[in-house]
Amino acid sequence: MPIRRTVHRTALGIDRQLDRRRRIVTGGRLVLTPYRGLARRLEVPILTSSSEAEPEAGPSGFEMLIRGRVLRERRVTRATEPERLWRNVMNTYRRFHSIELAEARVRASHANAVVETVTDREGYFQARLAPDSIDSGHLWHELALELPDYETTAIGHVLLPPHDADYGIISDIDDTIVHTGATSLLKMARSLLANAASRLPFEGVADLYRALHREHNPIFYVSSSPWNLYDLLHDFMDLNEIPHGPIFLQDWGLDEETFILAPHERHKLEQINLLLDYYPSLPFVLIGDSGQHDPEIYLQVIQAHPGRIRAAFIRDVTHDLRARAVASIIEQSNAAGVEMLYVRDSTEAMEHARRLGLV
């Protein structure tokens, strides 16, 4: 579509000009914000002298992956109770009107592993560490982050699934754990103006997720919401006692390949495939809703990764509008050997989870 490409290129040029002007702004302390990351064990193969012999498992190492962002302080208030509309509007504006620090050095360290990386033009960074050892008796592990040129520090957290994990959980966020109205532009706009305390969780969702988690089954959250809302989602889970896990959001912005935001289906499928590839021996349970093509995405995952998915739960938020389409997807999922459950609420999901031996 030539018109779309022309608009994309024009908008990209304007966006980069605005970025350059915003970065001229000085003042306000720098904030180094880490996002919860991933860790895994690595088996190093030992090659034998015989070309026909299978490589033996060698000494194990570890890998840590963490992302984050460096911004000028935005004075966003972290709410513990519902606030007035004007304050929510101001906080939303400040979250999206960010001043990023590009090309800043970020140093990450854990035990004997130290690595440096550099932020991109939007202030994002990603660091990969390979420490010799991690205390695998814990689910969460700390690593130190700093901006060596600005004397700014932070503590990051990465999740290492324990040996006794039965499965991992991959969950959507909008209209799966929190009322968002993602299928309605008006409801979505209202949700963006709500703070962490005024956002409403689905009844029973915290009990369901804690029963699945059991302090050792890792949970990962995948959503098309922007990274600008990371602190809000983190606080929402805290306030509602929903187990934490790495959150995979996306950048609502402009680059060479993306105009505003990547398609929901592509983003979610890429992130789920990344998790399955990153933990190749861990089975997963998928949880989503009927509003934003989760059934279609999860069916693709089930068909592409035979034997990796224990079950899939779909919360019915569209009622009769999607019943026929979802019923067809459920049939295909069952044919692939995976139960996909279309549930009205968390209570029904819990009943199925018990029947399947998940809780």
Side-chain angles (χ1 to χ4, degrees), residues 34-40 64-67 78 80 134-143 155-180 196-197 199-223 225 227 229-249 268 271-272 274-276 278-279 282-289 294 298 309-315 341 343 345-354 356-359:
Y35 305 138
R36 292 180 183 267
L38 310 173
R40 63 176 176 178
M64 292 177 156
L65 290 176
I66 192 163
R67 290 192 66 187
R78 307 291 285 268
T80 57
I134 296 178
D135 180 3
S136 56
H138 298 284
L139 187 67
W140 289 100
H141 304 270
E142 292 186 353
L143 53 82
I155 299 296
H157 296 86
V158 297
L159 180 151
L160 175 67
H163 283 295
D164 63 348
D166 300 307
Y167 51 82
I169 302 106
I170 299 176
S171 173
D172 180 44
I173 295 177
D174 299 323
D175 286 330
T176 298
I177 64 173
V178 58
H179 289 275
T180 303
R199 287 191 160 204
L200 296 176
F202 283 97
E203 185 177 356
V205 73
D207 291 336
L208 173 64
Y209 280 52
R210 286 198 299 267
L212 293 169
H213 175 49
R214 298 205 304 276
E215 301 296 332
H216 72 282
N217 290 329
I219 300 183
F220 308 89
Y221 298 94
V222 179
S223 170
S225 292
W227 284 109
L229 300 182
Y230 182 87
D231 67 300
L232 187 150
L233 295 173
H234 180 281
D235 292 349
F236 167 81
M237 292 178 188
D238 260 352
L239 291 170
N240 292 285
E241 299 181 343
I242 297 171
H244 278 291
I247 303 176
F248 295 81
L249 305 177
K268 182 167 284 190
Q271 302 308 313
I272 294 174
L274 180 153
L275 286 168
L276 267 71
Y278 198 72
Y279 299 112
L282 187 67
F284 281 90
V285 172
L286 308 178
I287 308 178
D289 64 83
D294 286 348
Y298 292 174
I309 307 302
R310 293 276 299 272
F313 294 86
I314 302 296
R315 182 185 293 276
L341 295 314
V343 298
D345 51 38
S346 298
T347 300
E348 187 177 352
M350 183 78 84
E351 292 172 357
H352 285 294
R354 289 196 180 99
L356 294 171
L358 299 174
V359 300

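Just so it is clear, the structure is predicted and the values come from calculations on it, not from any experiment.
- Between Glu348 atom CD and Leu208 atom CG the span is 11.5 Å, to the nearest 0.5 Å.
- The side chain to side chain contact (heavy atoms under 4.5 Å, CB included) test with Ser223 is passed by exactly one of Thr180, Asp174, Ile247, Val178: Asp174.
- Looking at heavy atoms from C-beta onward, Ile134 lies out of side-chain contact with Val158 at the 4.5 angstrom threshold.
- Arg36 places no side-chain N or O within 3.5 Å of a backbone atom of His234 that could act as its donor or acceptor partner.
- With hydrogens and angles ignored, the 3.5 Å screen pairs a side-chain donor or acceptor of Asp294 with a backbone N or O of Asp289.
- The shortest non-hydrogen separation linking Met64 to Leu143 is SD-CD2, 3.8 Å.
- Between Asn240 and Tyr209 the shortest side-chain heavy-atom distance does not fall below 4.5 Å.
- Rounded to the nearest 0.5 angstrom, Ile219 CD1 and Met237 CE are separated by 9.0 Å.
- For the pair Asp238/His244, a side-chain contact is recorded, criterion being any heavy-atom separation below 4.5 Å from C-beta on.
- How far CG of Leu233 is from CH2 of Trp227: 10.0 Å, rounded to the nearest 0.5 Å.
- Residue Ala39 comes nearest to Pro161 through the heavy atom pair O-CD, 3.6 Å, listed as atom of the first residue, atom of the second, then distance.
- Within the 4.5 Å cutoff, side-chain heavy atoms of Ile272 are placed close to those of Tyr298.
- In this structure, NE2 on His352 lies 7.5 Å from CZ on Phe313, to the nearest 0.5 angstrom.
- For the side chain to side chain contact (heavy atoms under 4.5 Å, CB included) test with Ile177, the passing option among Ser171, Ser346, Pro201 is Ser171; the others fail.
- The closest side-chain heavy-atom distance from Val285 to Asn217 is not below 4.5 Å.
- The CG atom of Asp166 lies 9.5 Å from the CG atom of Leu282; values are rounded to the nearest 0.5 Å.
- Of the inter-residue distances, the one linking Phe248 atom CZ with Lys268 atom NZ reads 13.0 Å to the nearest 0.5 angstrom.
- Taking the six-membered ring for Trp and the full ring otherwise, Phe220 and Tyr279 have centroids separated by under 6.0 Å.
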